[in-house]
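This one's a predicted model, so the numbers in the text were calculated from it and none came from an experiment. Below, read A as the first sequence line, B as the second, and so on, with proteins coming before strands; counting in each chain starts at 1.
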Number of protein chains: 4
Amino acid sequence: MLNVGLIGAGRIGRVHARSVAANAGATLRLVADPVLAAAESLAEAHGARAGSDVDAIFSDPEVDAVIICSPTPLHVDHIVAAAKAGKPALCEKPVAMDLAAVDELQGRLAGLEPLVMMGFQRRFDPSFRRVHDLVSAGEVGPVEQVTIVSRDPAAPPAEYIAVSGGIFKDMTIHDFDMARYLLGDIVAVSAVGQHLDPALADTGDFDGAVITLVSAQGAVATITNSRHCATGYDQRVEVFGPRGSLAVENLRATTVRRFGADASSAEDPYLDFFLTRYEAAYARELDEFIAAIAENRAPTPTIADGVAALRIAEAAAASANSGAIVRL
Amino acid sequence: MLNVGLIGAGRIGRVHARSVAANAGATLRLVADPVLAAAESLAEAHGARAGSDVDAIFSDPEVDAVIICSPTPLHVDHIVAAAKAGKPALCEKPVAMDLAAVDELQGRLAGLEPLVMMGFQRRFDPSFRRVHDLVSAGEVGPVEQVTIVSRDPAAPPAEYIAVSGGIFKDMTIHDFDMARYLLGDIVAVSAVGQHLDPALADTGDFDGAVITLVSAQGAVATITNSRHCATGYDQRVEVFGPRGSLAVENLRATTVRRFGADASSAEDPYLDFFLTRYEAAYARELDEFIAAIAENRAPTPTIADGVAALRIAEAAAASANSGAIVRL
Amino acid sequence: MLNVGLIGAGRIGRVHARSVAANAGATLRLVADPVLAAAESLAEAHGARAGSDVDAIFSDPEVDAVIICSPTPLHVDHIVAAAKAGKPALCEKPVAMDLAAVDELQGRLAGLEPLVMMGFQRRFDPSFRRVHDLVSAGEVGPVEQVTIVSRDPAAPPAEYIAVSGGIFKDMTIHDFDMARYLLGDIVAVSAVGQHLDPALADTGDFDGAVITLVSAQGAVATITNSRHCATGYDQRVEVFGPRGSLAVENLRATTVRRFGADASSAEDPYLDFFLTRYEAAYARELDEFIAAIAENRAPTPTIADGVAALRIAEAAAASANSGAIVRL
Amino acid sequence: MLNVGLIGAGRIGRVHARSVAANAGATLRLVADPVLAAAESLAEAHGARAGSDVDAIFSDPEVDAVIICSPTPLHVDHIVAAAKAGKPALCEKPVAMDLAAVDELQGRLAGLEPLVMMGFQRRFDPSFRRVHDLVSAGEVGPVEQVTIVSRDPAAPPAEYIAVSGGIFKDMTIHDFDMARYLLGDIVAVSAVGQHLDPALADTGDFDGAVITLVSAQGAVATITNSRHCATGYDQRVEVFGPRGSLAVENLRATTVRRFGADASSAEDPYLDFFLTRYEAAYARELDEFIAAIAENRAPTPTIADGVAALRIAEAAAASANSGAIVRL
C-alpha cells in the first residue's frame with residue numbers, strides 16, 4: 001500500500017485524489033495547498049490530512065510518494081525537494097515554464113537519482129496505448145503520417161489562460177507527447193496560431209492552432225487544436241503506414257444510436273472533458289507509478305520526455321510568431 | 001442487343017423501363033398497357049412504341065423478350081402467352097395470386113420449355129449478393145440464425161393495398177425470397193400481424209408483421225416488417241453462424257456525418273425507397289436476364305422460387321390468423 | 001455505509017463482491033458458501049469474514065443487507081429468511097425454479113413487508129436505460145417493434161446447463177425482463193428452440209432460440225439467443241416506433257479501428273462477457289439497492305418483475321415444445 | 001443533345017468518354033489523339049469517329065463542345081483553340097504547367113469570351129457538395145479548421161510522375177481546389193514533402209506531403225497526401241466550426257460488415273480509385289457543363305479557379321523546398 005501526498009488541490013489535484021482513492025494499491029494521506037480550505041475540502045472527501053505548508057510534505061514520514069499538481073512555476077522546486085527527500089514523484093505537465101528552468105532543474109538534480117514520472121496520462125489510455133502497441137508490433141509498417149485532432153469542449157477561464165504559459169505548453173503539450181509516443185524524436189516544427197473566439201481576445205493567447213511535426217525518421221504529424229468544440233472533448237489520432245492505418249475514435253457515454261426522419265445513426269456527443277474521457281488513463285498511469293516504485297525502476301514517461309515535449313512547445317510558439325519552420 | 005417489350009406502365013413498369021434504357025445490351029421497343037395514355041407517356045420517354053393491346057406484344061416480331069409488370073391476377077396468362085410465343089419473360093413478383101393459380105400455371109406450361117425469370121431483384125443487390133457469396137464460401141460456417149428487417153418508408157395508397165393480396169404476398173414475399181436465398185428450403189412458418197397505422201384500418205390488411213421461419217437445416221430466420229419507417233426504406237439482413245456474422249447496412253445518399261452539440265456522427269436518413277435503394281439491383285437483374293437469354297440457359301430466380309415464396313406467404317397469412325405454427 | 005453479506009461464492013457471487021468493494025457506500029462483511037474454501041478465498045480478497053453456514057448470515061448483527069447468489073432452488077428459502085430477519089435482499093435471477101415455487105414464496109412472504117430487489121442488472125446499463133428513458137419521453141412514439149439480440153460468447157459447462165432450468169429461465173430471462181422494461185406486460189409468447197452445438201446435445205437443452213412476444217399494447221418483440229458467438233458477448237436492442245428508432249450497440253475494449261488491404265474500419269471484438277459488459281450496470285444496480293434501503297422504499301425491479309419474467313420463460317419453453325403460441 | 005469532341009484518349013479521357021456515353025444530354029462524336037490506335041479504340045467503344053489530328057477537332061462542324069484531356073503542356077493551346085473556334089471547353093486540371101503559362105493564356109484569351117470549365121470534379125461529388133452547401137447554410141458557423149486527407153491507392157508509373165509537374169500540381173491540386181471550395185481565398189501556404197516509397201526515389205518527386213493553408217478569413221486547413229494507401233482511395237474532409245463539424249467518409253462497394261473472432265464491424269476496403277469513387281461526380285460535372293452551355297452562362301469552376309489552385313501548388317512546392325511559409 002503506497003501512502004500518497006498530494007501537492008495542489010486544484011482541478012487536476014482533485015482528479016489525482018480521486019484516482020488514488022479508487023486504486024487498491026494506494027491511499028491518500030496528505031493534501032497540501034497554500035489555500036488551506038481547498039486542501040481541507042479535498043482531504044476530507046478522501047479521509048486524508050490537510051496542510052497549507054507544502055514543503056512539510058517532503059519530510060512527512062507517513063508520505064511514501066508525492067503527486068505534484070502545483071502551479072507550473074513551482075514544479076522545479078517540488079521535483080527537487082522530492083528527489084532530495086528520496087520520495088518518488090509523479091509530476092503534472094509541463095515539467096517547467098521554459099527551457100531555462102529545465103536547465104536549472106537538471107543542474108539541481110545532478111548527483112541525485114530521483115524516481116520521477118511525468119503526467120502524460122494519454123499514454124495510458126487503452127485506445128491510444130493499443131495503437132502504440134500495434135504500431136510497435138508492425139501492424140501498419142513504419143509510420144509515415146499521423147493526424148492528431150485535439151479540441152477542448154470549452155475554454156478555461158481567461159485568468160487561467162493568462163498564467164497557463166500559452167496554448168502550446170498548456171494544451172498542445174499533450175499532443176506533442178502523443179506524437180513522440182508514436183513517432184519518437186521530432187526534428188522540425190511549424191505552427192499556425194488562430195484567434196477564434198472574440199471573448200478570448202484579451203488573453204493574447206491563441207485559442208486555435210495547427211502544428212506540423214517532422215520526426216527523425218521522416219514521418220510527418222499534424223496536430224489540430226481548438227479551445228472549443230460544440231460536440232465535446234474531441235480526442236482522435238490516426239496513424240498511417242504502408243500496410244494500413246489505425247484510428248482512435250472519441251468516447252461517448254452510451255452506445256445508443258438514434259434514427260429519425262432527419263438523421264440516422266446519430267450518436268451521443270463526446271464525453272465532456274478530460275476527467276471522464278481519461279478516467280481509465282489516470283487510473284492506469286497511477287498503476288504504472290505504483291509498479292515502478294515497487295519494482296524500483298524508472299517509470300515512463302520520464303523527465304526527459306517532459307523536456308522534449310516542452311522543447312517542441314517552445315519551437316511551436318516561435319514558429320507561430322515568426323512564420324518560419326523551426327529545426328530542433 | 002435485346003429488344004424488350006414491357007407489359008404494364010405502372011410504378012414497377014417505369015422502374016424496369018428505366019433499367020432497360022440504361023442497359024447497353026437492351027432496348028425498349030414496346031410498352032403495352034390497357035391505359036393507353038400511361039403506355040404512351042412511358043414509351044415516349046424512352047423512344048419506344050406504345051399500345052393498349054397487351055396480347056399483341058407476344059406476336060410482335062420486334063420484341064425479343066418481355067418484362068411482365070401487369071397486375072398479379074394476370075401474371076399466369078402473361079407467362080403462358082410468352083411461353084407459347086417462345087419469348088423469354090422476366091415476371092414481377094408474386095408469380096400468382098394463390099397456390100391454386102400456381103397449379104393452373106404449371107398445368108398450362110406443361111410441355112413447354114419457357115425461359116422465365118422471377119423479379120426478386122434483391123438477390124442482385126451488391127451487398128446482399130456479397131453476403132450470400134460469403135456465406136456460400138463458408139465465411140461464418142453453417143448459417144444458424146438470420147435477422148431480416150424490412151420496412152417501407154410509407155404505406156402505399158389504401159386502394160393499392162386492397163388489391164395487393166395482403167402484406168405477406170405483396171411486401172414480405174421479397175423477404176421470404178431473401179430467407180430462401182440465404183437458407184434454402186423453409187419447413188415451418190409462424191407469424192404475428194399488426195395493425196399499426198389507424199389510417200390503414202379500413203384496408204383490413206396488416207401493416208406490421210413479425211415472421212419466424214425454420215429452414216430444412218434447422219436455421220431460424222426472423223423477419224420484421226412495417227409499412228412505415230420515419231428514417232426511410234429500412235432494408236437490413238444479418239446472418240449468424242458459428243464462426244461469425246455478416247450484416248448489410250442501409251444505403252444513404254451521401255457519406256456525410258454531422259457533429260453538433262446534440263449528437264455526433266449523425267448520418268443521412270436512408271434512401272427513400274426501392275427505386276433508389278435497389279437501382280443497382282434492378283440493373284444487375286436485367287443483366288442476368290439478358291445473359292441467360294444469350295446463353296440459352298435458365299435464369300435464377302426461377303418460377304419454382306416464385307412458387308416457394310408464395311407458399312411461405314400463404315403459410316404466414318394462415319399463421320397470423322390462426323395463431324399456430326404452419327408446417328410446409 | 002451498508003454492511004453486506006453475500007450468499008454464494010460462485011461466478012455471479014464474485015461479480016457482486018467486486019461491485020460491493022468498488023462502491024463507496026457499501027462494505028463486504030461476510031461471504032457464506034457451503035464450500036468453505038470458496039467463501040474464504042473470496043472473503044479474503046475483499047477483507048471480509050467467511051463462513052460455510054449460510055443461515056447464520058441472516059442473524060449476523062454485522063450484516064445489514066444480503067445479496068443472494070445461491071443456486072436457484074434455494075432462492076425462495078433465502079428470500080424468506082431475509083424477510084423474516086428484516087434484512088433487505090438483492091436476489092439474482094430467476095426468482096425461483098418454477099411458478100409452483102413462486103406460489104410457495106408468495107405464501108411464505110404473506111404478512112411480511114420484505115425489501116427485495118431482483119438482479120436484472122441490464123435495466124441499469126447506461127445504454128439500455130437511456131433507450132428506456134428516451135422511449136418513456138416519447139422519442140419514437142408508441143413502441144411498435146423491438147428487436148433483441150442476445151448471445152453469449154461461449155456455452156457454460158454442460159454440468160451448469162444440466163441444473164440451469166433451461167435456456168429460457170437461465171439466459172433468455174434477462175431478455176424477457178428487457179422486453180418488459182421496454183414494452184410493459186406481455187400477453188402472448190411463441191418460441192423456436194435450436195440444437196446448434198453438437199457438444200451440447202447431451203444436455204437436452206436448447207442452445208439457440210428465437211422467441212416472439214406480443215405486448216398488451218400490441219407491440220411485437222423478437223429475441224434471438226445463442227449460447228455461442230465468435231465475436232464475443234452480443235447484446236443489442238432496437239426499438240422502433242412511428243417517429244424513429246433507437247438502437248444499442250455492443251461495447252468494445254477500445255475505440256481503435258483498423259484499416260488495411262482486406263478491410264476498413266475493423267473494430268475490436270465485443271467485450272467478452274457479462275462481467276465486463278455490465279460492469280457499470282452492476283455498480284448502478286447496487287447503487288439503487290443502497291438508495292432504496294436508505295430511503296426505505298421498494299427497489300425496482302421487484303419480485304413481481306421476477307415472477308413475470310419467469311412466467312414468460314415457462315410459456316416460451318411450452319411453446320418451443322408444442323409448436324403453439326401460448327397466451328398469458 | 002450536345003455533340004462532344006474529346007481530346008486525349010488516355011486514362012482521364014476514357015473516364016470522360018464513359019461519362020458522356022452515360023449522359024442522356026450528350027453524345028460522343030469524335031475522339032482525337034496523336035496515337036491513332038488509342039483514339040480508335042476509345043471511339044469504337046462509344047460509336048464515335050477517331051482522328052489523330054487534334055487541331056481538326058476545333059473546326060469539325062459536328063463537334064459542339066470539347067473536353068480537353070491532353071497533356072498539361074498543351075492545355076493552353078487547346079483552350080485558346082476552342083475559344084477561337086467558339087466551342088465551349090471542359091479542361092482537365094491543372095490549367096497549365098506554371099504561372100508563366102497562365103500569363104500567356106490570359107494574354108491569348110484577351111478579347112475572346114470563352115466558355116471554359118475546369119475539371120475539378122470533386123466539387124460535384126454528392127458528399128462534398130452536401131458539406132459545401134451545409135457550410136454555406138451556416139450549419140457549423142464560420143469555418144475555423146478543415147482537415148483534408150487524400151491518398152491514392154497506388155502510385156502511377158514513374159514515367160507519368162516524371163512529366164506530371166510534381167505531386168502538388170498533379171495530385172494535391174484537387175485538394176487545393178477543395179480547400180478553396182470550402183474556405184475561399186488562401187493567403188498563406190506551408191508544406192512538407194516526403195519521400196516514402198524507395199521505388200519512387202528516382203523520380204525526384206515527393207510521394208507524400210502535408211500542407212497547411214491559411215484562408216483570408218483566418219481559417220486553417222491541413223492536407224495530408226500520399227501516393228499509396230493499402231485500404232484504397234482515401235478521400236476525406238472534415239470541416240469544423242463553432243457550432244459543430246461535418247465529415248465526409250470514404251465510399252465502399254457494399255455496406256456489408258463482417259464480425260468474427262478477430263474483429264467486428266469490419267467493412268470493405270475503400271473504392272479503388274477515382275473512376276469508381278468519383279463516378280457520380282464526373283456525371284454531375286458533365287451535367288453542369290451541358291447546363292451552362294444550354295443557358296449560355298459561365299460554368300463553375302472557372303479558369304480563375306484553375307489559376308488559383310495552380311498558384312497554391314507553386315507556393316506549396318516552394319515552401320516544401322525552402323522550409324518557409326509562403327504568402328500569396
Side-chain angles (χ1 to χ4, degrees), chain B residues 139-149 151 154 188-198 206-215 217-232 234 236 238 240-245 247 269-270 319-320 322-327, chain C residues 139-149 151 154 188-198 206-215 217-232 234 236 238 240-245 247 269-270 319-320 322-327:
Chain B
E139 172 92 4
V140 300
V143 176
E144 297 173 340
Q145 297 170 334
V146 171
T147 306
I148 298 175
V149 173
R151 296 180 177 121
V189 182
S190 67
V192 177
Q194 297 178 283
H195 296 288
L196 299 172
D197 183 353
F206 302 122
D207 62 339
V210 173
I211 305 101
T212 303
L213 306 176
V214 182
S215 82
Q217 274 76 38
V220 179
T222 60
I223 298 169
T224 300
N225 283 162
S226 168
R227 284 284 195 189
H228 61 261
C229 179
T231 314
D234 191 6
R236 288 174 290 153
E238 284 191 25
F240 173 80
R243 287 207 283 277
S245 299
Y270 313 141
S319 174
S322 72
I325 293 175
V326 177
R327 310 275 160 195
Chain C
E139 172 93 3
V140 301
V143 176
E144 297 174 340
Q145 296 171 334
V146 171
T147 306
I148 298 175
V149 173
R151 295 178 178 122
V189 182
S190 67
V192 177
Q194 296 178 284
H195 296 288
L196 299 172
D197 183 352
F206 302 122
D207 63 338
V210 173
I211 304 101
T212 303
L213 306 176
V214 182
S215 83
Q217 274 75 38
V220 179
T222 59
I223 298 169
T224 300
N225 283 161
S226 168
R227 285 284 196 189
H228 60 261
C229 179
T231 314
D234 192 5
R236 287 174 290 153
E238 284 191 27
F240 172 81
R243 286 207 283 277
S245 299
Y270 313 142
S319 174
S322 72
I325 293 175
V326 177
R327 309 275 160 195

Given a strict heavy-atom distance threshold of 4.5 Å, which part of [X] is in contact with chain C: side chain, backbone, both, or neither?
X      : value
B:A209 : backbone
B:Q194 : side chain
B:N225 : backbone

Beyond-backbone contact of [X] with [Y], side-chain heavy atoms, under 4.5 angstrom:
X      : Y      : result
B:E144 : B:Q217 : no
B:V143 : B:F240 : no
C:V189 : C:I211 : yes
B:L213 : B:I223 : yes

On a heavy-atom basis, which atom in C:S190 and which in C:S319 lie closest, and how many Å separate them? CA-OG, 3.1 Å

Considering all heavy atoms, the nearest C:G208-B:Q145 contact: CA-NE2, 4.3 Å

Verify salt bridge (Lys or Arg N to Asp or Glu O under 4.0 Å) between C:D207 and C:R227, making sure each step is shown before the conclusion. CA-CA 5 Å; C:D207 63 338; C:R227 285 284 196 189; over 6 Å; no

With chain C as the partner, which of [options] has the greatest number of non-hydrogen pairs under 4.5 Å?
options                        : result
B:S245, B:S226, B:A324, B:P269 : B:S226
B:H195, B:H228, B:R151         : B:R151
B:T147, B:T231, B:T224         : B:T224

Report which part of C:V192 has an atom under 4.5 Å of a heavy atom belonging to chain B: side chain, backbone, both, or neither. side chain

Does any heavy atom of chain B fall under 4.5 Å from the side chain of C:A221, the backbone, both, or neither of them? neither

Identify which of C:V210, C:L196, C:V214 forms the greatest number of heavy-atom pairs closer than 4.5 Å to chain B. C:L196

